[in-house]
Protein chains: 2
Amino acid sequence: MPATPAVPNGKRPTLADVASRAGVSTALVSIVMRGAKGAGQATRERVLQAAREIGYRPDARARLLRSHRSHLLGVQFGLQHPFHSDLVEGIYAAAEPAGYQIALSAVAAGRGEQRAVETLLDDRCEALILLGPQAPAARLAELAGQLPVVSVARRLRPSVPGLEVVRTADDEGAGQAVDHLVALGHRDIAHIDGGRAPGAADRRRGYRTAMNRHGLGELIRILPGGLTEEEGAEAARTLSATRPRPTAVLAFNDRCATGVLDLFLRSGVAVPGGISVVGFDDSHLARLAHIDLTTVGQDVARLAGLAVGRAVARLEGAEIPAGEQVITPRLVVRGTSAPPP
Amino acid sequence: MPATPAVPNGKRPTLADVASRAGVSTALVSIVMRGAKGAGQATRERVLQAAREIGYRPDARARLLRSHRSHLLGVQFGLQHPFHSDLVEGIYAAAEPAGYQIALSAVAAGRGEQRAVETLLDDRCEALILLGPQAPAARLAELAGQLPVVSVARRLRPSVPGLEVVRTADDEGAGQAVDHLVALGHRDIAHIDGGRAPGAADRRRGYRTAMNRHGLGELIRILPGGLTEEEGAEAARTLSATRPRPTAVLAFNDRCATGVLDLFLRSGVAVPGGISVVGFDDSHLARLAHIDLTTVGQDVARLAGLAVGRAVARLEGAEIPAGEQVITPRLVVRGTSAPPP
DNA sequence: TCAAGGAACTAGAACGTTCTAGAACTCCGT
DNA sequence: ACGGAGTTCTAGAACGTTCTAGTTCCTTGA
């Protein structure tokens with residue numbers, strides 16, 4: 001029975017409780033609990049034993065209050081965004097071995113970025129990792145003046161001092177998708193974009209550039225889309241009524257592509273027989289056997305690792321050169337792309 | 001320019017900084033910042049002005065350390081679970097007006113429930129809200145001995161003292177779905193279940209009971225499924241090869257149902273023309289125009305509100321009667337159910 | 001005029017930890 | 001026996017708040 005409520009009085013056990021039970025000073029208990037050096041082997045075990053017996057757990061808040069460093073990274077993420085979930089998962093994994101804790105703050109309906117960031121700041125995070133932040137650049141710059149800030153998946157023009165950027169080369173990804181389709185023989189390739197979403201502008205540009213590079217400038221067609229299935233389906237509806245209908249579509253992301261797939265399926269357009277569809281992100285969604293989506297893969301683990309790495313580097317005072325890390329995406333060819341009919 | 005770094009020295013401004021600038025004691029500044037009574041109108045404004053000028057923000061951790069109450073609710077959720085995201089959103093919304101803060105701790109690959117709960121405890125949360133916890137009942141009971149614990153969407157047999165349960169009447173929901181299908185004229189109705197997932201057993205039971213009630217006991221057919229699109233699609237594959245094929249399917253949840261829909265679509269089985277499909281949850285997914293899924297709606301806002309309510313009630317020492325709150329689901333009829341062919 | 005009562009304000013002790021000094025003890029070589 | 005040089009341990013001051021118990025100063029009513 002490892003965790004009986006323990007201490008007679010109802011309160012949570014403290015250092016002092018452990019100390020008195022083990023017959024040592026609180027300072028020594030502190031040393032033992034942290035695994036710091038300065039305690040003898042025998043006492044160390046006696047203290048640990050006492051701590052175990054009364055179910056002592058160090059109070060993270062008191063600990064942070066006293067120590068100058070908090071070793072806390074604040075992460076702002078969008079609750080409804082599967083891609084963010086993947087990133088958070090990677091961030092947890094990267095932070096642990098680096099000796100940092102994560103504080104999560106969600107952006108949701110009725111809880112804007114401003115509020116999300118404020119709570120992180122109040123919790124004394126040492127650095128901020130913002131996933132796809134939509135806040136104005138000026139606001140981000142202001143934040144970056146106060147503490148290290150890493151923006152993930154959002155491009156920011158002038159390298160504001162103190163502001164790190166980790167992102168995928170969205171333009172290159174879109175280009176890879178176009179190259180792949182062209183190699184298959186496609187010429188009439190449309191793009192359903194992501195509007196004002198982070199990364200959308202770059203993907204648009206990458207699409208345009210690649211089309212031009214292949215001498216297909218006249219066939220460039222960009223439809224307003226978005227990051228949800230619904231918006232993808234809506235754009236696909238428009239597309240399926242157009243003549244001539246393009247033979248391939250590059251969607252803004254996987255969710256959007258799923259909507260596109262679904263609508264085509266329903267309106268009797270075969271994929272990839274009648275039209276090819278390519279997504280972006282390589283989220284869990286794309287890998288599902290029955291979806292089997294050709295998509296531009298973002299290296300989530302790498303993005304997360306770099307984000308944590310940059311934040312930690314800044315905190316540990318390493319002189320780091322560039323303010324931007326751009327990861328090359330790689331195309332994952334699956335079942336939704338084939339030569340044109 | 002509201003938030004210039006301020007204080008000459010690099011540190012974050014504190015109560016004492018504000019106090020010396022406004023020419024009052026720290027205690028008074030504390031009073032003003034909390035909006036407590038005991039300060040004159042004029043000084044109040046002078047203090048606030050000073051605080052604004054140096055960009056002071058109270059340190060949440062120091063605050064919690066001192067005050068006996070932390071007003072913090074710890075929420076454990078599954079990162080990859082859209083339904084949990086919805087719940088978290090509702091919990092944020094409910095906690096704010098009740099004067100409580102939320103600390104999030106995610107369950108993800110490489111970060112189990114044990115670890116998630118530990119960090120919440122270390123952060124001195126006053127109560128725990130666990131979304132669909134998978135931990136053994138004994139472990140939950142042990143936790144409940146230490147602080148108020150609310151389990152959402154997981155049924156627990158014996159009412160462990162200190163353990164609150166808030167859940168949807170899963171059996172009733174499954175029953176409603178069957179009733180609806182039977183009313184449309186269906187008899188051969190299959191169920192793709194959720195295996196060991198929280199709520200799955202109840203939904204299975206509800207399905208069985210309703211089938212028996214309608215005298216369709218012999219047609220009961222339960223296929224092993226799961227909570228993802230993939231598992232749904234897999235089960236649907238099996239189903240579409242069976243003869244006679246059922247005329248309707250009740251899926252474990254909306255994600256599972258989406259997989260089912262998708263596979264039927266691909267194998268040329270019309271929905272609802274050839275077969276009806278009903279989901280469970282009424283998540284965002286189900287509402288998408290192109291999916292338009294008939295589903296059993298869980299009242300997320302209500303579940304979240306009750307979870308927070310129970311936790312708060314327990315904390316404020318209200319004597320609350322039952323240990324379980326069961327919400328009645330309600331069927332949302334959309335486009336994937338129709339009379340059998 | 002005076003006491004009573006309240007409003008405005010403050011000193012200083014908490015909260016549970018870590019950190020800085022320094023004390024006490026051991027272990028050595030001389 | 002003596003002076004380092006480690007070790008192991010401890011007292012007590014932080015950290016940034018809130019809380020308790022005052023103190024001071026104003027009203028006000030008799």
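Every chain is numbered from 1, with letters handed out A, B, ... down the list of sequences. Here the structure is a predicted model, which means the values were calculated and not measured.
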Gly38(B) near the nucleic acid: base, sugar-phosphate alone, or nothing, with a heavy-atom cut-off under 4.0 Å?
-> base
Sugar-phosphate, base or nothing in reach of Arg124(B), heavy atoms under 4.0 Å = sugar-phosphate
Heavy atoms under 4.0 Å is the rule here; annotate nucleotides 18-28 of chain C 5' to 3' with B where the base is hit, S where only the sugar-phosphate is, and - elsewhere.
-> BB---------
Rounded to whole Å, please give me the gap between [atom1] in [X] and [atom2] in [N].
X         : N       : atom1 : atom2 : answer
Asp59(A)  : dT17(D) : CG    : C1'   : 14 Å
Arg57(A)  : dT17(C) : CZ    : C1'   : 15 Å
Arg12(A)  : dG16(C) : CZ    : C1'   : 10 Å
Lys37(B)  : dA8(C)  : NZ    : P     : 10 Å
Leu64(B)  : dG16(D) : CG    : P     : 15 Å
Asp123(A) : dC15(D) : CG    : P     : 21 Å

For the residue pair Tyr100(A) and His71(A), categorise the inter-ring angle as parallel (less than 30°), tilted (30 to 60°) or perpendicular (more than 60°).
-> tilted
Within residues 43-50 of chain A, the residues having a heavy atom closer than 4.0 Å to DNA chain D are Thr43(A)
Is there a donor in the side chain of Glu164(A) and an acceptor in the side chain of Gln325(A), or the other way round, less than 3.5 Å apart?
-> no
Arg21(A)-Tyr56(A) side chain donor-acceptor pair, cut-off 3.5 Å | no
Would you call [X] and [Y] a salt bridge, taking side-chain N to carboxylate O under 4.0 Å as the test?
X         : Y         : result
Arg167(B) : Glu324(B) : yes
Glu96(A)  : Arg115(B) : yes
Arg52(B)  : Glu45(B)  : no

Arg57(B), CZ: over 12 other non-hydrogen atoms inside 6.0 angstrom = yes
Atom CZ of Arg44(A): over 12 foreign heavy atoms under 6.0 Å = yes
Arg61(A) pairs by side chain to side chain contact (heavy atoms under 4.5 Å, CB included) with which of Arg66(B), Arg61(B), Arg63(B)?
-> Arg61(B)
Looking at five pairs on each end of the helix from dT1(C)-dA30(D) to dT30(C)-dA1(D), what is the angle between the two axes, given to 10 degrees?
-> 50°
